[in-house]
Structure formats: structure tokens, C-alpha cells
Amino acid sequence: MPELPEVETTRRELERVIVGRRVVTAYVGKPKMIVEPGSLRLTDIVGARFQAIGRRAKYFIFSFDRPATLLVHLKLSGQLVVRRGDQTLAAGGHPVPRFDTPLPHRATHGRFDLDDGLTLWMTDIRQFGRFIILDRSDVDGYFADRRLGVEPLVSEFTVDALAQALAPHRMLPIKAALLDQTNVAGLGNIYVDEALFASRLHPLRAAASLTPTELATLHTEIRSVLSYAIQNGVAELPAGKVDPDSNFPRAHGRFSLPCLFCGTTMARIQVAGRSTDYCPTCQGQSSTGKNPHERVG
DNA sequence: AACTACTCCTGGAGGC
DNA sequence: TGCCTCCAGGAGTAGT
């Protein structure tokens, strides 16, 4: 499920390959996947040249040498692949179907032929992904309308910013608060579990109840987990389960497996309608800020 | 304002 | 083998 690290690593791959290329054809087979809030249409990017590929939260921002701008959201199961013939030049997102699958796949819904023989394919088993066409000047407003929170990897994301975002949520579980894109933008189910595990925080702790020490730890671990994933390969769990011998992800997908720190069997609960894996020992309800590992060894 | 429940989809897994 | 049910989850919306 593409979260911030998957979108960011994919963005970098795409940027390397398609910036400077010109769009020859733009086709999206499912009308419901096209969002055109203004006067611009998908066809308005035909003939345009890619200038830059940006990212905000889990949105790709494709900028061109004209005002028409394309946002892409992969939601749960979208993937982007750039091919020249059978050769894959860039790929990212949900790994099903496999990135080397012959395209178009029956779940391929977007096809953008570029000059230089390249094609950008969008495949999405669940059809939740979206192509959003906006005027360049309306992009900031689009995100503002969604009240997207701070980006966790920019300097504006401080401990204080995190504290302010969580403060209104007196009853909401910290897990639910971190999934809410208006608080922090870009985290999803996997990396919230990872950040809470690394921070030794129980997912049901009330968001506004964190001590200053816990907030500082959570702030550090959110950045650490995201940065690690971007640097070392992303956490995709095609079958919803992690490889038992892998040490990443360390929490999500490890339900019923031993905690990598203390050996306790990892538990799974539902929080905000999402499967949430955590260690009952390391992430106890204690709000003392004491690290359970100091006792476990 | 804060929070919950539901919706969109389909493939894969597990039960019998 | 073959049904059937359940599960996975980002984000928008409606309702409490």
C-alpha cells in the first residue's frame, strides 16, 4: 500500500526517466478515476513536456511546460511503471501485479505514451487510484481544501508541530490520529505501526496524552522509520504478511510472530478500522515514559 | 469540532 | 476442486 516512502522512491525513479519527455497520448480507461475540478481536461497535457515531479503527502505532482498539472494518487493498490518496449525503466507502488508483468494488464487503467519511445503505465487492481487535472495555480488550493498536515520529513515538522497537531485529540487513539492526513501527511497503516513500535507507544494511547518525552521520541521515530524505508527499500506486503525472517517492517505484518526485541508474541487489534500490530510488552499502556526494554534487557 | 461508520473495488486466503 | 466468506486499506462523505 503506497505510503510516503513508496511514493517518494517512485517519484525519484520517475523523475530520473521522464523529466524532459513529451506526452504524446494520455488515456485513462475508467472515467471515475479522472478528477477534473476546474476547466482543464486530461487531454490538456497532450503535447506537454514533463518539467518536474513533486510529491505532497501521498500525491505525485507532475508539472509540465504549461499550466496543466497532473496529480496522481495510488491509494491502496496503484502502481506506476515506465517502459520502453519490454524494458522497465522505472517502477513503484503496489507490487501486484509484478512490475515485470506484460502490459497492459487487465487492471491497467492509465497509459501515457511519451516521446523517445517511453510509456508510463498505471495499473490498479482495486481502481481506487485517481488522476487529478488542475491548473498549476490551483494545486496549493487543492491540498489546502484537504487540510493536509505537515510533511514529516521537512524542517517545519518539529516536536512542537507534532504536539500541536495531536493536542485537539483528547480521546482519539494515537494510531488513528497519525493515520489522519490532516495531522501528519504521508503516514499510512504500515508506518504508523512501525513508528509506534519504535517509540514503545501503545496504539490505543489517547493522542493528546503523550508526555513531552514521548512526543519527542515519536517525532524522532516517525522521521527515522520513513527515512529508513526511503533509503533501504520500502515495506510492501503483497499478502499482508511480512517475511518472518525479515527485520523490516519490524511491527506491521508480524502479528503472531515474536517481537524482535523481547520475544513476546506480537498482537493484532483493530484501531480506526485498521489492522494494528504491536508488542503487548514493549508497547504497554504505561505512560511513565520508561522504556520497557530497560527491564527486559 | 471531534469522532464513527460506511463506501469505493478486487484478488487472495482460508473454511468446509 | 469449488464454492463461499472474509480481509486488505486511503480518503471522501454522511451521520452522530
Side-chain angles (χ1 to χ4, degrees), chain A residues 1-8 10 28-37 55-60 71-80 92-99 101 104-110 122-132 142-149 151-152 164-194 196 203-209 226 234-244 249 251-256 268-277:
Chain A
M1 328 323 155
E3 302 183 29
L4 189 154
E6 290 75 25
V7 176
E8 177 60 23
T10 306
V28 173
K30 297 277 182 188
K32 69 178 177 187
M33 295 176 74
I34 306 172
V35 181
E36 297 166 331
R55 179 189 59 76
R56 175 77 170 102
K58 302 166 193 168
Y59 291 85
F60 295 89
L71 309 188
V72 174
H73 199 304
L74 298 177
K75 291 290 185 80
L76 304 182
S77 54
Q79 64 171 231
L80 294 171
H94 192 59
V96 178
R98 291 166 46 115
F99 293 133
T101 293
H105 180 270
R106 59 193 154 87
T108 297
H109 303 299
M122 193 278 196
T123 301
D124 184 352
I125 288 168
R126 295 189 182 87
Q127 305 172 20
F128 288 170
R130 291 294 180 265
F131 298 87
I132 301 143
Y142 183 84
F143 293 133
D145 287 348
R146 273 142 198 82
R147 297 165 41 242
L148 285 181
E151 286 283 328
Q164 284 187 31
L166 298 180
H169 306 288
R170 313 198 71 82
M171 300 301 289
L172 192 67
I174 183 66
K175 162 96 188 212
L178 293 177
L179 283 175
D180 185 338
Q181 302 297 294
T182 69
N183 294 323
V184 179
L187 293 170
N189 203 37
I190 294 173
Y191 291 105
V192 170
D193 279 8
E194 294 306 298
L196 292 176
L204 289 176
R205 280 283 302 281
S209 77
L226 295 176
V234 296
E236 285 290 355
L237 310 174
K241 264 278 192 181
V242 73
D243 173 359
H252 194 81
R254 290 190 57 85
F255 161 62
S256 83
R268 167 165 288 192
I269 57 176
Q270 292 291 120
V271 183
R274 300 287 177 265
S275 290
T276 300
D277 295 350

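Quantities reported herein were computed from a predicted structural model and do not represent experimental measurements. Order of the sequence lines fixes the chain letters, A, B, ..., with proteins taken first and strands second; residue numbering starts at 1 for each chain.
- Closest to the side chain of A:Q270, out of B:dG11, C:dA8, C:dG9, is C:dA8.
- Atom NZ of A:K58 is separated from atom P of C:dG12 by 10 Å (rounded to the nearest Å).
- Distance CG (A:N183) to C1' (C:dG10): 15 Å, rounded to an integer number of Å.
- For A:R146 against C:dA11, a side-chain-to-base donor-acceptor contact under 3.5 Å is absent.
- Side-chain contact between A:E36 and A:I34 is present, with at least one heavy-atom pair separated by less than 4.5 Å.
- Distances from the side chain of A:I125 to the nucleotides C:dG12, B:dG11, C:dG10 place B:dG11 closest.
- In terms of phosphate contacts, A:Q127 brings a side-chain nitrogen or oxygen within less than 4.0 Å of OP1 or OP2 of B:dT10.
- What separates CD of A:Q181 from P of C:dT13 is a distance of 15 Å, to the nearest Å.
- The distance from atom CZ of A:R106 to atom P of B:dC9 is 17 Å, rounded to the nearest whole Å.
- Applying the 4.0 Å criterion to OP1 and OP2 of C:dG9, one finds that A:H252 has a side-chain N or O inside that range.
- Using modelled atom types, one finds a donor on one side chain and an acceptor on the other under 3.5 Å when comparing A:H169 with A:N183.
- You'll find that the side chain of A:L76 is closest to C:dG10, out of B:dT10, C:dG10, C:dA11.
- When the side-chain nitrogen and oxygen atoms of A:R126 are compared with OP1 and OP2 of B:dG12, none of them lie within a distance under 4.0 Å.
- B:dC9 atom C1' lies 13 Å from atom CE of A:M122, rounded to whole Å.
- Looking at A:V96 and A:Q79, their side chains never come closer than 4.5 Å, going by heavy atoms from C-beta outward.
- The cationic atom of A:R146 (NZ for Lys, CZ for Arg) lies less than 6.0 Å from the six-membered ring centre of A:Y142 and within 45° of the ring axis.
- In this structure, A:F128 places its CZ atom 14 Å from P of C:dA8, rounding to the nearest Å.
- The interatomic distance linking A:L179 (CG) with C:dA11 (P) rounds to 10 Å, in whole Å.
- A:S275 comes within 4.0 angstrom of the backbone, heavy atoms only, and of no base.
- Atom CG of A:D180 is separated from atom C1' of C:dG12 by 12 Å (rounded to the nearest Å).
- OP1 or OP2 of B:dC9 has at least one side-chain nitrogen or oxygen of A:K32 nearer than 4.0 Å.
- A 4.5 Å side-chain heavy-atom check between A:L196 and A:I174 finds at least one atom pair inside the cut-off.
- Scanning for ring pair (Phe, Tyr, Trp, His ring centres under 6.0 Å) contacts around A:H105 gives an empty result, with sequence neighbours left out.
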Under 3.5 Å between N/O atoms: give me all the protein pairs with nucleotides 1-5 of chain B, atom names plus distance.
unit_1: B:dC3; atom_1: OP1; unit_2: A:M171; atom_2: N; d: 3.1
unit_1: B:dC3; atom_1: OP1; unit_2: A:L172; atom_2: N; d: 3.2
unit_1: B:dC3; atom_1: OP2; unit_2: A:H169; atom_2: ND1; d: 2.6

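- At C:dG9, none of the side-chain N or O atoms of A:K75 fall inside 4.0 Å of OP1 or OP2 (strictly under the cut-off).
- Side chain of A:E3 to backbone of A:I190: a donor-acceptor contact under 3.5 angstrom is found.
- The residue A:R130 sits apart from the nucleic acid: no heavy atom pair falls under 4.0 Å.
- Under the salt bridge (charged side-chain N to carboxylate O under 4.0 Å, His left out) criterion, A:R274 pairs with no residue at all, not counting sequence neighbours.
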